[in-house]
**Q** 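A single structure is presented below for examination.
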Amino acid sequence: METSSWFSVVRAYEECDQRFAALLAQYDLSISQYDALLAIDALGTDALPKAVAERLLVTRANVTGLLRRLEARSLISVVSHHTDGRSVLCKIAPKGKSLLERANVASAHFIRQQLKPFDADELELIRSMMKRLHDHLLTLDPVTIAEQSSTESRS
């Protein structure tokens with residue numbers, strides 16, 4: 001039962017992810033690019049590459065290429081920080097703002113369509129259960145579990 005439940009969560013996530021990627025592809029965006037645009041827009045004048053990376057839960061090195069690709073497409077601009085010449089700020093460009101607004105409308109519609117089979121109570125139950133699962137996952141250490149499994153299998 002545990003394994004089939006786990007696979008159900010994984011399959012649902014993978015399907016959501018693949019279909020969301022296909023939706024964003026209609027706007028010539030990857031999920032990472034969309035997330036970066038959202039982060040830059042939300043951070044506003046605090047959109048340092050480090051802050052964008054933290055918002056996306058990636059390293060600064062990982063976000064650098066992503067920001068360069070967005071800048072090359074004129075979706076963002078990277079400008080010198082107004083008080084710290086060693087730092088740069090990311091700003092969403094008008095073209096990026098327009099694209100993000102259109103993608104946000106499609107995204108909201110897509111999410112509503114995905115969750116259409118569920119009523120409000122079921123949606124709250126799903127949210128609550130997934131939050132509980134996420135919180136629990138944060139307490140697990142895969143290395144320790146692997147070591148414990150190895151020890152138990154030798155006993």
Side-chain angles (χ1 to χ4, degrees), residues 6-145:
W6 183 80
F7 273 116
S8 293
V9 170
V10 171
R11 283 189 194 106
Y13 167 77
E14 288 177 347
E15 196 62 40
C16 287
D17 193 55
Q18 289 172 10
R19 290 180 180 265
F20 192 58
L23 174 86
L24 292 176
Q26 302 305 303
Y27 297 88
D28 197 23
L29 290 171
S30 67
I31 292 175
S32 297
Q33 291 169 334
Y34 178 68
D35 285 346
L37 288 173
L38 285 172
I40 293 165
D41 192 47
L43 289 165
T45 59
D46 295 324
L48 296 162
K50 179 183 179 189
V52 174
E54 287 171 359
R55 185 72 67 110
L56 300 179
L57 303 175
V58 298
T59 66
R60 173 124 193 267
N62 287 347
V63 85
T64 300
L66 176 61
L67 296 176
R68 284 189 184 136
R69 287 188 295 279
L70 292 171
E71 185 179 29
R73 292 180 53 199
S74 301
L75 299 176
I76 66 167
S77 60
V78 179
V79 298
S80 293
H81 193 281
H82 57 283
T83 59
D84 181 357
R86 298 168 297 157
S87 297
V88 295
L89 284 172
C90 302
K91 294 186 175 190
I92 194 158
K95 180 180 174 183
K97 186 76 166 170
S98 173
L99 181 61
L100 182 59
E101 287 171 359
R102 293 190 332 265
N104 279 342
V105 169
S107 174
H109 181 69
F110 181 72
I111 290 168
R112 276 192 304 277
Q113 291 300 312
Q114 280 188 314
L115 299 175
K116 204 171 193 164
F118 306 104
D119 65 29
D121 289 341
E122 290 171 319
L123 289 173
E124 176 53 31
L125 180 61
I126 291 168
R127 188 207 58 76
S128 173
M129 290 172 60
M130 290 298 104
K131 182 182 180 325
R132 193 169 85 205
L133 175 60
H134 179 259
D135 291 348
H136 175 68
L137 291 173
L138 293 174
T139 70
L140 299 178
D141 178 16
V143 174
T144 302
I145 293 170

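Values reported hereafter were calculated over all heavy atoms of this structure, with side chains retained and with hydrogens, waters and symmetry mates removed.
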**Q** In sequence, state the C-alpha distance, the side-chain angles, and the governing distance for Arg11 and Glu14, and then conclude on salt bridge (charged side-chain N to carboxylate O under 4.0 Å, His left out).
**A** CA-CA 5 Å; Arg11 283 189 194 106; Glu14 288 177 347; over 6 Å; no
**Q** Are the side chains of Leu89 and Val78 in contact, using a 4.5 Å heavy-atom criterion?
**A**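 No; the side chains remain at least 4.5 Å from each other.
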**Q** Restricting to non-hydrogen atoms, name the atom on Phe20 and the atom on Ser107 that form the minimum distance, rounded to 0.1 Å.
**A**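 Heavy atoms only, the tightest pair is CE1-OG, 3.4 Å.
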**Q** Working to the nearest 0.5 Å, report the span between NZ of Lys97 and CG of Asn104.
**A**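 So the NZ of Lys97 and the CG of Asn104 are separated by 8.5 Å.
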**Q** Measure the CD-CD distance between Glu15 and Gln114 for me, rounded to the nearest 0.5 Å.
**A**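 The distance works out to 9.0 Å.
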**Q** Quiz question: by atom type and distance under 3.5 Å, do the side chains of Ser128 and Arg132 form a donor-acceptor pair?
**A**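 Looking only at side-chain atoms, Arg132 and Ser128 do not form any donor-acceptor pair under 3.5 Å.
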**Q** When you compare the side chain of Leu75 with that of Leu29, does any pair of heavy atoms fall below 4.5 Å?
**A** yes
**Q** When you measure from the side chain of Ser98 to the backbone N and O of Lys95, does any donor-acceptor pair fall under 3.5 Å?
**A** no
**Q** Taking the side chain as every heavy atom from C-beta outward, state whether Lys91 and Ile76 have any pair of such atoms under 4.5 Å apart.
**A** no
**Q** Taking all heavy atoms of Asp46 and all of Ala51, pick out the closest pair and write down the distance.
**A** O-CB, 3.5 Å
**Q** Does Thr64 reach the side chain of Pro49, with side-chain heavy atoms less than 4.5 Å apart?
**A**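 They are not in contact (no side-chain heavy atoms under 4.5 Å apart), so the answer is no.
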**Q** With sequence neighbours excluded, what pairs up with Thr59 under the side-chain hydrogen bond (donor to acceptor under 3.5 Å, both in side chains) test?
**A**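 Once residues adjacent in sequence are excluded, the partners of Thr59 under the side-chain hydrogen bond (donor to acceptor under 3.5 Å, both in side chains) criterion are Asn62.
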**Q** Is there a side-chain contact between Leu133 and Leu137 in this structure, where contact means two heavy atoms from C-beta onward sitting under 4.5 Å apart?
**A** yes
**Q** Which residue pairs pass the ring pair (Phe, Tyr, Trp, His ring centres under 6.0 Å) test when at least one of the two sits in residues 49-79, sequence neighbours left out?
**A**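 Non-adjacent pairs meeting ring pair (Phe, Tyr, Trp, His ring centres under 6.0 Å): zero.
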**Q** Using salt bridge (charged side-chain N to carboxylate O under 4.0 Å, His left out) as the criterion, list what pairs up with Glu71, not counting sequence neighbours.
**A**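 Listed in chain order: nothing, the list is empty.
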**Q** What distance separates Leu37 CG from Ile92 CD1, expressed to the nearest 0.5 Å?
**A** 4.5 Å
**Q** Are Val88 and Val79 close enough, and set up right, to give a side chain to side chain contact (heavy atoms under 4.5 Å, CB included), and what steps lead you there?
**A** CA-CA 5 Å; Val88 295; Val79 298; over 6 Å; no
**Q** Looking at side-chain heavy atoms only, is the closest gap between Leu67 and Cys90 below 4.5 Å?
**A**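 Of all side-chain heavy-atom pairs linking Cys90 with Leu67, at least one is under 4.5 Å.
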**Q** Measure the CD-OH distance between Gln18 and Tyr13 for me, rounded to the nearest 0.5 Å.
**A**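 Answer for the CD-OH pair, Gln18 versus Tyr13, is 10.0 Å.
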**Q** Does a side-chain heavy-atom distance below 4.5 Å link Arg69 with Arg73?
**A**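 Answer no - side chains too far apart.
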**Q** Within the 4.5 Å heavy-atom criterion, are Ile126 and Leu115 side-chain neighbours or not?
**A**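 They are not in contact (no side-chain heavy atoms under 4.5 Å apart), so the answer is no.
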**Q** Are there more than 12 heavy atoms of other residues, nucleotides or ligands under 6.0 Å from atom CE of Met129?
**A**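 Not buried by this count: 12 neighbours or fewer within 6.0 Å.
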